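Some notes on the structure that comes next.
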Amino acid sequence: MEKLLITGPTALKGEVEISGAKNAAVAILPAALLIDGTCTITNLPNISDVKLSCEILEALGAKITWTDKNTVTIDSSNITSTQAPLGLTSKFRASYYIIGAMLSRMGSVQVAMPGGCQLGARPIDQHIKGFEALGAEVTVEKGHINATANKLVGTSIYMDIVSVGATINVMLSAVLAEGTTVIDNAAKEPHIVDVANFLNTMGADIRGAGTDMIKINGVPKLTGNATYSVVPDQIEAGTFMLAAVASRGDLLIKNCITKHLEPITRKILEVGGQIEDFGDSIRVWNTEKPKPATIKTLPYPGFPTDLQPQMGVVLSLADGTSIINESIWDSRFQYTEELNKMGAKINAQGTRAYFEGVDHLEGAPVFSTDLRAGAALIVAGVVAEGETEVYNLEHIDRGYENIEEKFRKIGAKIKRVTE
Ligand code: UD1
């Protein structure tokens, strides 16, 4: 079993380079199935969710060629199967994008119910509502999803809930449909815009991505033959920004789009951190004990739920009591028990948690319960006194490229060891 050994405390200092966005990459790769030809995707994060996505594409008949660790060429001209390997699709959440993509391309698909982080109930009713509105038949039985469509026809779809996954999935299924599809109450996350940009580069006609109304004019086919670079990862950038604040360090975070980071910069300023914005990089530093704050997670442009645990580390060390309201997921405070083992004083009740700031954290053995919880525990290990052991690294490796190397470069005493 692998674990991370971290010796703290360290004030993180220096420069860190942000990778391509996980949540954009895991949607763009299935989107490549829509192309009757080839495309090249650059700035892909080298993480296990991306590798799994590529394996699924290969099993469906796409030819995948890695030219370097962050660049892949995909030839989807000959899709040979509509059965996605159940063992692979059940491993991560974003495998649901195979449904929208394959419905578009082949009019048929069988996948397992998607897996991924246990953050509470993760229904896909809005995805199914969208597919059915376009004319597909969808059945869910014994953990398997079967979707078929003789023909997809554009229509107007109102999302009952703001959902990143459903917005992208319905977009995928509407790109080659006959006529125009309108998605109302769409999610607005940067990776939704990125997937739309990718599809438009390959020949689609999608307008309004990034607003709550997306209009997709169906086109007969996507021809590809283009190269697309994945947008920088907003959540990885935010993780390092919050690590700078928690550790009272000074980091220059490079290769990011600072506009996407605004919901985070606002809260960092509120807790006493400082920011210098250069557009494609951002300096974050902090010299004081953080001030307490009230946070509510919300869809973009609200404070992202995927940075809630990392913000929880900052607030554990604040000068007073803070509150986090988690409004997206029912069960996203499992990490607080791990932080309490390190001396934090957090009282989590349902979707709300109270953080009574403590003087310092102390190293302890801790277990990542999900991807972002794992990132938060690394930040906690860096700022804690003594030695922290972080277990369950498979969660972290799903979403962060080379994480210990990036932390080591900015001064953290961190190494991966096999027990
Ligand atoms: C995506 C991200 C995840 C992030 C989340 C919210 C990926 C691969 N994952 O997940 O990291 O935490 O957005 O920013 O991009 N819901 C329904 N019915 C549906 C779909 C969603 O009720 O059909 C609910 C969910 O239970 C949740 C809320 O809507 O309460 C938001 O979920 P959604 O935006 O769909 O999250 P994901 O796309 O799964």
Side-chain angles (χ1 to χ4, degrees), residues 17-35 38-60 62 64-76 84 88-89 91-102 114-117 164-165 167-169 171-172 175 187 189-202 204 206 209-210 222 224 226-239 255-257 260 300 304 306-307 371-372 375 394-403 406:
E17 197 77 40
I18 297 307
S19 299
K22 163 190 170 284
N23 288 346
V26 294
I28 286 174
L29 288 166
L33 287 170
L34 268 64
I35 300 169
T38 63
C39 68
T40 298
I41 306 168
T42 63
N43 202 35
L44 274 173
N46 194 268
I47 53 175
S48 64
D49 271 11
V50 161
K51 290 175 198 157
L52 275 174
S53 301
C54 288
E55 280 179 48
I56 296 174
L57 263 54
E58 272 182 321
L60 296 170
I64 306 273
T65 314
W66 287 90
T67 34
D68 63 49
K69 71 177 179 48
N70 304 108
T71 307
V72 84
T73 296
I74 302 173
D75 180 354
S76 303
L88 295 180
T89 50
K91 274 192 184 157
F92 67 122
R93 180 78 183 157
S95 62
Y96 50 37
Y97 293 134
I98 296 293
I99 312 173
M102 286 294 283
C117 292
V164 172
T167 301
I168 293 179
N169 230 344
M171 210 159 77
L172 290 175
V175 164
E189 268 68 2
H191 38 289
I192 290 171
V193 181
D194 207 39
V195 179
N197 286 345
F198 167 77
L199 288 163
N200 284 344
T201 305
M202 303 299 154
I206 304 172
L222 301 189
T227 297
Y228 189 81
S229 177
V230 176
V231 72
D233 198 314
Q234 174 210 25
I235 303 300
E236 190 197 12
T239 300
N255 184 34
C256 54
I257 298 174
H260 297 165
Y300 188 82
D306 286 357
L307 287 171
L371 168 60
R372 307 302 172 184
E394 65 282 3
H395 291 300
I396 303 171
D397 294 336
R398 283 191 34 231
Y400 287 89
E401 176 171 347
N402 229 346
I403 192 159
K406 289 192 185 183

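Since the structure is predicted, the reported quantities are computational estimates derived from the model, not experimental observations.
Separating the CG atom in D233 from the CG atom in N23 is a distance of 7.0 Å, to the nearest 0.5 Å. Rounding to the nearest 0.5 angstrom, the gap separating the CD atom in E55 from the CG atom in L60 is 12.0 Å. Residue L52 holds its CG atom at 11.5 Å from CG of L57, rounded to the nearest 0.5 Å. Within the model, atoms CG of D194 and OG of S229 stand 8.0 Å from one another, a figure rounded to the nearest 0.5 Å. Residue T167 holds its OG1 atom at 9.5 Å from NE2 of H191, rounded to the nearest 0.5 Å. Rounding to the nearest 0.5 Å gives a distance of 10.0 Å between CG of N169 and CE of M171.
The shortest side-chain heavy-atom distance between V230 and F198 does not fall under the 4.5 Å cut-off. Within the 4.5 Å cutoff, the side chain of V50 has no heavy atoms near those of the E401 side chain. You'll find the side chain of L29 reaches within 4.5 Å of the side chain of V72, heavy atoms only. In this structure, the side chains of I56 and F92 come closer than 4.5 Å at one or more pairs of heavy atoms. A 4.5 Å side-chain heavy-atom check between P190 and Y300 finds at least one atom pair inside the cut-off. For the pair H395 and Y400, the minimum side-chain heavy-atom distance is 4.5 Å or more. In this structure, the side chains of L33 and I74 stay at 4.5 Å or more apart for every pair of heavy atoms.
Panel note: side chain S76, backbone A32; a donor-acceptor pair is recorded below 3.5 Å. Remark: the backbone N or O of I235 is not paired with any side-chain donor or acceptor of D306 at under 3.5 angstrom. A distance-only check finds a donor-acceptor pair linking the side chain of N70 to the backbone of L44 [under 3.5 Å]. In this structure, N255 contributes its side chain and E17 its backbone to no donor-acceptor pair below 3.5 Å. Put simply, the side chain of D49 never gets that close to the backbone of G399: no donor and acceptor are under 3.5 Å apart.
Exactly one of T38, T40, T67 qualifies for a side chain to side chain donor-acceptor pair (under 3.5 Å) with T73. That residue is T40.
A side-chain N or O of S19 and one of K406 form a donor-acceptor pair less than 3.5 Å apart. Side-chain polar atoms of S53 and Y97 form no donor-acceptor pair below 3.5 angstrom.
Nearest heavy atom pair, residue R398 against residue I47, reads O-CD1, 3.2 Å. Between V195 and A24, the shortest heavy-atom distance links the atoms CG2-O, 4.3 Å. The two residues A31 and L199 have their closest heavy-atom pair at CB-CD2, 3.9 Å. The two residues I98 and A84 have their closest heavy-atom pair at CG2-CB, 4.2 Å. Taking all atoms of both residues into account, the shortest heavy-atom contact from L172 to L34 is O-CD2, 3.7 Å. Here the shortest heavy-atom pairing between A101 and P30 reads CB-O, 3.3 Å.
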